[in-house]
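Have a look at the structure below before the remarks.
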Amino acid sequence: AAICKHGVPSVTRAQFALSKFKLKIAAVHKYRPHPKGDYMIFTLDPASSNMALKYAKGIWYTESNPDGKEGHTRVWLLCELRVSRLLPQ
């Protein structure tokens, strides 16, 4: 298991199940600290592939003390996905 420290840039890999279909996804996360909110760029792990998800890239962004609420963190997710044409719409 990787040990990551807050405020220190790092690259990690993760595997997780997505949706009720238990689609296995492997992702690479690149963590970057920033004074106004840390962020993590994720992409599909090129060493792993699946039939359904063809492309994924996005950013997890954390906002400290949103709306002046001390001790709170808001997490934003922006992403782009491309799936196989074989999936039902």
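Sequence positions, counted from 1, serve as the residue numbers for this chain. In this text, all values refer to a predicted model and were calculated from it rather than measured experimentally.
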Checklist entry - Is there a path from L77 to Y39 through hydrophobic residues (I, L, V, M, F, W, Y) whose side chains come within less than 4.5 Å of each other? => result no

Next on the checklist: Do F42 and C79 make a side-chain contact, defined as non-hydrogen atoms from C-beta onward lying under 4.5 Å apart?
Outcome noted: yes

Looking at residues at least two apart in the chain, or sitting in another chain, which of them share a side-chain hydrogen bond (donor to acceptor under 3.5 Å, both in side chains) with [X]?
| X | value |
| --- | --- |
| W76 | E63 |
| R13 | D45 |
| Y61 | none |

Straight-line distance of [X] [atom1] to [Y] [atom2], nearest 0.5 Å:
| X | Y | atom1 | atom2 | answer |
| --- | --- | --- | --- | --- |
| I59 | R32 | CD1 | CZ | 11.5 Å |
| W60 | Y31 | CH2 | OH | 15.5 Å |
| R74 | N65 | CZ | CG | 11.0 Å |
| S10 | H29 | OG | NE2 | 10.5 Å |

Checklist entry - Tracing side-chain links under 4.5 Å among I, L, V, M, F, W and Y, which residues wind up in one group with Y55? => result none

Item to check | With sequence neighbours excluded, residues passing salt bridge (Lys or Arg N to Asp or Glu O under 4.0 Å) with E70 | outcome: none

Next on the checklist: Holding to salt bridge (Lys or Arg N to Asp or Glu O under 4.0 Å), I want the full list of residues that pass it with R85, two or more places apart in sequence or in another chain.
Outcome noted: none

Checklist entry - Quick one: salt bridge (charged side-chain N to carboxylate O under 4.0 Å, His left out) pairs with a partner in residues 49-60, sequence neighbours left out? => result none

Next on the checklist: Which residues pass the side chain to side chain contact (heavy atoms under 4.5 Å, CB included) test with L53, not counting sequence neighbours?
Outcome noted: I25, L44, N50, A56, L81, V83

Checklist outcome for this item: Heavy-atom closest pair (P46 atom, V28 atom, distance to 0.1 Å) is CD-CG2, 4.4 Å

Next on the checklist: Working note: K24 + Q15, criterion side chain to side chain contact (heavy atoms under 4.5 Å, CB included); need CA distance, chi angles, decisive distance, verdict.
Outcome noted: CA-CA 7 Å; K24 290 185 180 176; Q15 187 171 20; 4.2 Å; yes

